[in-house]
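Everything numeric here is computed off the predicted structure, so don't read it as measured data.
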Amino acid sequence: MTTALAAALLAVPAWLAAPVQAQTSDATGLINTRDFSHANGAQVYTTICQGCHMPAGQGARGAGEYPALASNPKLAAAPYVEMMVLSGNGAMPGFKGQLSDRQVAEVTAYIRTHFGNQFDEPVTDADVKALRMTLPGLADASDD
């Protein structure tokens, strides 16, 4: 029994045993853009989101817990994703001041149609602008 207890205590959790790959300085999604204001949804995801949610949207655990976006039923509601991107939640910062309505719409659509998600209803910058106007403190933030 002591041996089994020692083995259980020494076992490495699966999330620690997963292979880790360092990101090179040219691995951002902005390498082929003029500046960040022109970044599309995929580039926004690659540059901002994947550092925590991982390249395949599988999420991560470490210093914090970063929810998986892959096959996530919560993403069926586009306003949920838009609101998370705009205002953040918990340790996740909001990007209301950094992203335009178009970029929020595009990254929302990107997340909802990748990583095993098949929520392909269109998301427009008008949708994001309307949501932004209803959220306290967000109405005066950036738009196109």
Side-chain angles (χ1 to χ4, degrees), residues 5-144:
L5 180 60
L9 291 173
L10 294 175
V12 176
W15 62 270
L16 279 178
V20 177
Q21 183 175 7
Q23 191 175 36
T24 64
S25 62
D26 62 351
T28 73
L30 296 177
I31 194 161
N32 294 321
T33 62
R34 291 178 283 168
D35 62 54
F36 192 72
S37 68
H38 294 90
N40 64 28
Q43 292 167 324
V44 169
Y45 183 83
T46 302
T47 305
I48 296 175
C49 310
Q50 85 171 16
C52 295
H53 294 283
M54 301 288 111
Q58 73 269 30
R61 287 187 176 169
E65 184 168 342
Y66 308 97
L69 302 175
S71 302
N72 186 333
K74 290 182 177 178
L75 305 184
Y80 171 78
V81 181
E82 296 162 355
M83 190 172 65
M84 289 297 122
V85 174
L86 287 171
S87 61
N89 186 33
M92 179 180 159
F95 296 95
K96 64 186 177 197
Q98 291 79 35
L99 299 177
S100 68
D101 294 339
R102 177 192 55 80
Q103 290 174 312
V104 173
E106 287 182 5
V107 75
T108 297
Y110 181 81
I111 291 167
R112 295 178 73 235
T113 57
H114 288 78
F115 318 122
N117 298 308
Q118 298 177 350
F119 308 112
D120 57 359
E121 300 86 12
V123 178
T124 68
D125 54 347
D127 297 334
V128 175
K129 185 173 187 165
L131 178 63
R132 194 187 291 259
M133 298 302 283
T134 67
L135 298 174
L138 298 182
D140 58 347
S142 116
D143 65 358
D144 294 330

So do the side chains of [X] and [Y] get within less than 4.5 Å of each other, counting heavy atoms only?
X: Asp127; Y: Thr108; result: no
X: Ile48; Y: Phe36; result: yes
X: Val128; Y: Leu86; result: yes
X: Met83; Y: Pro79; result: no
X: Val44; Y: Glu106; result: no

Rounded distance [0.5 Å steps], [atom1] in [X] versus [atom2] in [Y]:
X: Leu75; Y: His114; atom1: CG; atom2: NE2; answer: 13.0 Å
X: Met92; Y: Met84; atom1: CE; atom2: CE; answer: 7.5 Å
X: Glu82; Y: Asp125; atom1: CD; atom2: CG; answer: 10.5 Å
X: Ser87; Y: Arg132; atom1: OG; atom2: CZ; answer: 10.5 Å
X: Leu69; Y: Tyr110; atom1: CG; atom2: OH; answer: 10.5 Å
X: Thr124; Y: Arg102; atom1: OG1; atom2: CZ; answer: 13.0 Å

What heavy-atom pair brings [X] and [Y] nearest, and what distance separates the two atoms?
X: Ala56; Y: Ala70; answer: O-CB, 3.9 Å
X: Ala76; Y: Arg112; answer: O-NH2, 2.8 Å
X: Ala60; Y: Cys52; answer: CB-O, 3.8 Å

List the steps, then state whether side-chain contact (heavy atoms from CB on, under 4.5 Å) holds for Gln43 with His38.
-> CA-CA 9 Å; Gln43 292 167 324; His38 294 90; over 6 Å; no
If we ignore hydrogens and angles and just use 3.5 Å, is the side chain of [X] paired with the main-chain N or O of [Y] as donor and acceptor?
X: Asn40; Y: Ala42; result: yes
X: Asn117; Y: Asn72; result: yes
X: His53; Y: Tyr66; result: no

Relative to the ring of Tyr45, is the ring of Phe115 parallel (under 30°), tilted (30 to 60°) or perpendicular (over 60°)?
->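 The rings of Phe115 and Tyr45 sit tilted, inter-plane angle from 30° to 60°.
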Are there more than 12 heavy atoms of other residues, nucleotides or ligands under 6.0 Å from atom CD of Gln118?
->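 No, not enclosed.
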